Amino acid sequence: MSSISFINKHLGKYRYLLVSIIIATILYAGINLLSSLIFGFVIDNVISQNPVESGIIAVIAGFLGGVDAIKGNLWKVASLLICVYLAVAVLMSYRQRMQGVVSEKLVENIRNDLYSHIQHLPYSYHVKTKSGELIQKCTSDVDMVRRFFAGQLAEIFYILATAIIALYILYSINFKLALIASISLPIIFLYSYFFFKQVQKQFLLSDEAEAVMSDVIQESLSGIRVVKAFNREKYEINKFLKTSANYSEITYKMIRYLGIYWSSSYVICLLGILSVVVAGIFAVRSHDLTIGNFTVFVSYQTMILYPIRQLGRIMTDFGKVTVSLKRLVDIINEQEEDLISGLKCDLNGDIEYRHVYFGYDGQEVLKDVSFKIKQKQTVAIIGPTGSGKSSIAYLLSRLYEPDRGDIFINGYNIKDLNKNYLRDNVGIVLQEPFLFSRSIAANLKIARPDLDEEKMHEATRIAAVHDVINSFDQGYGTIVGEKGVTLSGGQKQRVAIARTLIKKTPILIFDDSLSAVDTQTDAMIREGLKQLHGNTTTIIITQRIASAKDCDLILVVENGRITQSGTHEELIAQPGLYHRVFAIQTREEDDGEVNN
């Protein structure tokens with residue numbers, strides 16, 4: 001999708017309103033120029049009795065009943081001027097109101113489409129893309145487009161219409177003087193354009209400095225526990241003061257540049273007006289120009305020069321708008337996940353990985369992974385950090401797609417299954433539990449909005465967190481804070497476990513999600529799972545032998561390959577990683593008991 005197609009799509013029915021704004025702007029520019037012509041007509045033709053030579057003036061005179069009729073009825077001229085100003089006011093009001101409607105509806109459609117599109121992008125895209133970058137695109141870039149359509153687009157048409165109409169009139173009055181008036185226009189435009197093109201670097205530096213300052217604030221507030229625990233308040237304050245000072249210095253430098261520009265460009269405009277005034281005086285003295293037309297020249301020169309000065313900045317801002325549009329279009333052009341097509345079949349069956357390979361960013365993560373899990377089995381996947389354990393789980397729910405090989409559930413290749421349906425039947429408790437800044441009950445009801453209290457309490461009891469929640473003053477109505485910050489790591493994990501249990505999926509995956517609970521609570525949760533979900537196939541990804549030893553099958557993963565498989569008794573009886581980890585963890589437990 002191109003930038004033009006992107007704007008056209010999101011304008012929708014408001015594109016016709018945008019056309020009406022442009023037409024109103026051009027009319028407003030043309031009518032606004034009439035006032036100076038009317039004053040010139042009164043001076044030259046009504047007061048000085050010069051014959052009417054201009055076609056436009058002849059039309060005005062005829063409309064008012066002729067020059068002779070106007071002499072004794074100057075109120076007609078006054079009335080015409082009032083009508084001109086009223087028309088300008090009406091058109092200006094219409095333009096401003098409709099610009100607000102078009103710009104706000106446009107960005108509303110863009111925001112809604114962007115957010116919906118981002119939600120439907122594959123998980124792999126979000127892994128590669130920084131969330132801060134997406135937020136900036138959805139806010140700063142969208143606002144850049146809004147500001148352009150809220151004023152700058154119509155302003156371009158106003159400036160161009162004013163300049164073209166005014167220059168046409170001036171050249172029809174006096175070619176030589178109009179040529180002098182025209183000389184300053186490209187000078188001020190080019191000066192403005194190249195100045196802002198150069199100062200764009202300073203604008204960019206200011207934006208980057210602001211982003212760094214915002215990152216410091218966000219990081220410090222997100223890690224406030226660490227800051228407090230290590231008495232780092234003074235360090236964080238000093239760090240912020242440095243970034244704040246840098247932002248202020250860069251921005252102040254940019255403001256100085258702008259001050260120089262506005263003052264110097266003002267001088268150029270004044271020199272342009274002065275050149276017209278001086279040349280006009282000589283033209284009047286030599287009777288090449290009437291006094292009325294002289295006032296028209298001076299008035300038009302003022303009405304053209306200052307907007308042209310602004311046009312240079314608008315054109316440089318337009319470059320920023322095109323960049324913003326390209327960044328937004330790049331997001332929209334990302335391929336969405338197909339969540340609709342595919343089979344919906346019984347998933348209460350066996351799971352099989354058949355010669356699965358997977359990698360990302362040029363690094364191979366899984367290599368020729370093959371295994372089978374029977375229905376109702378509890379399987380543990382154990383291995384060192386970075387061995388590919390979590391990738392195995394993510395492939396099962398199609399958060400990632402394998403590079404080679406196939407995965408089957410109940411004999412169906414998951415590539416042929418409907419993704420929404422698949423994820424509704426594969427519950428995952430993630431390694432890093434995420435809770436929203438809302439009540440505990442609201443977080444639990446994310447899984448099932450119609451959940452009743454009995455089912456909610458049943459799930460939290462299995463997750464060994466029901467009594468903890470009831471110990472809070474507000475109980476299930478307790479607000480957990482941003483990212484669940486008011487809960488401990490173990491409490492967050494248990495709430496996340498309960499939230500997944502509520503779905504009652506036939507396949508349940510714990511991605512190292514019991515790591516923050518003690519071994520006793522771990523055992524309680526696993527025992528509760530057996531009682532609640534007797535038909536559930538459970539996969540536990542862990543580094544704890546205690547979490548794995550009671551499972552029906554244990555898979556040992558090393559460097560992306562399954563190097564061992566079997567029961568606890570089988571694996572401790574053979575040399576390998578599992579035996580070594582068992583020996584280390586058993587020794588640590590024995591040492592702990594002796595120390596106690």
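Everything numeric here is computed off the predicted structure, so don't read it as measured data.
Ring geometry for Tyr394 versus Tyr400: interplanar angle of 30 to 60°, hence tilted.
No more than 12 heavy atoms of other residues, nucleotides or ligands sit less than 6.0 Å from atom NE2 of His579. Other residues, nucleotides and ligands contribute at most 12 non-hydrogen atoms within 6.0 Å of the CD atom of Gln363. In Lys455, the NZ atom is not crowded: 12 or fewer heavy atoms of neighbouring residues, nucleotides or ligands sit closer than 6.0 Å.
Judged by distance alone, the side chain of Arg423 and the main-chain N or O of Ser397 form a donor-acceptor pair under 3.5 Å. Between the Asn470 side chain and the Gly475 main chain, no donor and acceptor come within less than 3.5 Å of each other. Thr378 contributes no side-chain N or O that, together with a main-chain N or O of Cys551, makes up a donor-acceptor pair within less than 3.5 Å. Side-chain N or O atoms of Asn418 include one that pairs as donor or acceptor with a backbone N or O of Ile340 at under 3.5 Å. A donor-acceptor pair is defined here as one N or O able to donate and one able to accept, closer than 3.5 Å; no such pair exists between the side chain of Ser116 and the backbone of Asn112. In terms of modelled atom types and a separation under 3.5 Å, the side chain of Tyr421 and the main chain of Leu343 share no donor-acceptor contact. Judged by distance alone, with hydrogens and angles left aside, the side-chain atoms of Thr542 form a donor-acceptor pair with the main-chain N or O of Arg544 at under 3.5 Å. Side-chain atoms of Asn238 come within 3.5 Å of backbone N or O of Lys234 as a donor-acceptor pair. Side-chain atoms of Thr251 come within 3.5 Å of backbone atoms of Tyr247 as a donor-acceptor pair (strictly under, hydrogens ignored).
For the side chain to side chain donor-acceptor pair (under 3.5 Å) test, no residue two or more places apart in sequence or in another chain qualifies with Ser471. Legend: residues meeting salt bridge (charged side-chain N to carboxylate O under 4.0 Å, His left out) with Asp552, ordered by chain and number and at least two apart, are absent. Among residues two or more places apart in sequence or in another chain, the side chain to side chain donor-acceptor pair (under 3.5 Å) test is passed with Glu569 by none. Partners of Glu352 according to the salt bridge (charged side-chain N to carboxylate O under 4.0 Å, His left out) rule, which considers only residues two or more places apart in sequence or in another chain, are Arg354. In this structure, the ring pair (Phe, Tyr, Trp, His ring centres under 6.0 Å) partners of His457, at least two apart in sequence or on a different chain, are His466, Tyr476. Contacts of Tyr357 classified as ring pair (Phe, Tyr, Trp, His ring centres under 6.0 Å), with partners at least two apart in sequence or in another chain: none. Partners of Lys9 under the salt bridge (charged side-chain N to carboxylate O under 4.0 Å, His left out) rule, at least two apart in sequence or in another chain, are Asp113. The side chain to side chain contact (heavy atoms under 4.5 Å, CB included) test applied to Lys326 returns Asp330, not counting sequence neighbours. Partners of Lys239 under the salt bridge (charged side-chain N to carboxylate O under 4.0 Å, His left out) rule, at least two apart in sequence or in another chain, are Glu219. Residues meeting the ring pair (Phe, Tyr, Trp, His ring centres under 6.0 Å) test with Tyr412, sequence neighbours left out: none. With sequence neighbours left out, the side chain to side chain donor-acceptor pair (under 3.5 Å) criterion links Glu236 to no other residue.
You'll find the side chain of Val145 reaches within 4.5 Å of the side chain of Ile7, heavy atoms only. Two residues are said to be in side-chain contact when any heavy atoms from C-beta on lie closer than 4.5 Å; Arg580 and Leu577 meet this criterion. Put simply, the side chain of Pro402 does not reach to within 4.5 Å of the side chain of Val369, judged on heavy atoms. The shortest distance between side-chain heavy atoms of Ile428 and Thr500 does not fall below 4.5 Å. Looking at heavy atoms from C-beta onward, His568 lies out of side-chain contact with Asp550 at the 4.5 angstrom threshold. Side chains of Phe582 and Leu571 form no contact here, defined as non-hydrogen atoms less than 4.5 Å apart.
Separating the CD1 atom in Ile351 from the NZ atom in Lys372 is a distance of 13.0 Å, to the nearest 0.5 Å. Rounded to the nearest 0.5 Å, atoms CG (Leu555) and CD1 (Ile562) are 4.5 Å apart. One finds the CZ atom of Arg146 at 6.0 Å from the OG atom of Ser103 (value rounded to the nearest 0.5 Å). Taken from OG1 in Thr538 to CD1 in Ile540, the straight-line distance is 6.5 Å, to the nearest 0.5 Å. Separation of atoms OG1 (Thr537) and CG (Asn425) is listed at 11.5 Å; rounding is to 0.5 Å. In this structure, CG on Leu396 lies 4.5 Å from CD1 on Ile409, to the nearest 0.5 angstrom.
Tested against Ile462, the residues Ile502, Ile497, Leu501 include a single side chain to side chain contact (heavy atoms under 4.5 Å, CB included) partner, Leu501.
Nearest approach of Ser2 to Ser5, heavy atoms of both residues: OG-OG, 3.0 Å. Closest heavy-atom contact between Ile541 and Ala393: CD1-CB, 3.5 Å. Closest of all the heavy-atom pairs between Ser439 and Gly477 is CB-O, 3.7 Å. Summarising the geometry of Cys138 relative to Ile118, their closest heavy-atom pair is SG-CD1, 3.6 Å, with the distance given to 0.1 Å.
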Quiz item: Going through the checks in order, is the side-chain hydrogen bond (donor to acceptor under 3.5 Å, both in side chains) test met by Thr385 and Gln543?
Solution: CA-CA 8 Å; Thr385 301; Gln543 293 183 358; 3.1 Å; yes
Quiz prompt | Gln564/Glu570 under side-chain contact (heavy atoms from CB on, under 4.5 Å): CA gap, chis, key distance, verdict | solution = CA-CA 10 Å; Gln564 293 177 284; Glu570 292 171 344; over 6 Å; no
Quiz item: Checking side-chain contact (heavy atoms from CB on, under 4.5 Å) for the pair Phe371/Leu553: CA distance, chi angles, key distance, verdict?
Solution: CA-CA 10 Å; Phe371 62 86; Leu553 175 67; 5.7 Å; no
Exercise. Show your working on side-chain contact (heavy atoms from CB on, under 4.5 Å) between Tyr353 and Leu366 and close with a plain yes or no.
Key: CA-CA 11 Å; Tyr353 280 62; Leu366 298 178; 5.8 Å; no
Exercise. Give the intermediate values and the outcome of side-chain contact (heavy atoms from CB on, under 4.5 Å) for residues Ile545 and Tyr578.
Key: CA-CA 8 Å; Ile545 296 295; Tyr578 191 87; 3.5 Å; yes
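Between Glu336 and His117, the side chains place a donor N or O and an acceptor N or O closer than 3.5 Å (distance only, hydrogens not considered).
Salt-bridge annotation for Glu108 and Lys105: present, with a side-chain N of the basic residue lying under 4.0 Å from a carboxylate O of the acidic one.
Legend: salt bridge (Lys or Arg N to Asp or Glu O under 4.0 Å) pairs involving residues 389-408, not counting sequence neighbours, sorted by first then second residue: Arg398-Glu401, Glu401-Lys419, Asp406-Lys415.
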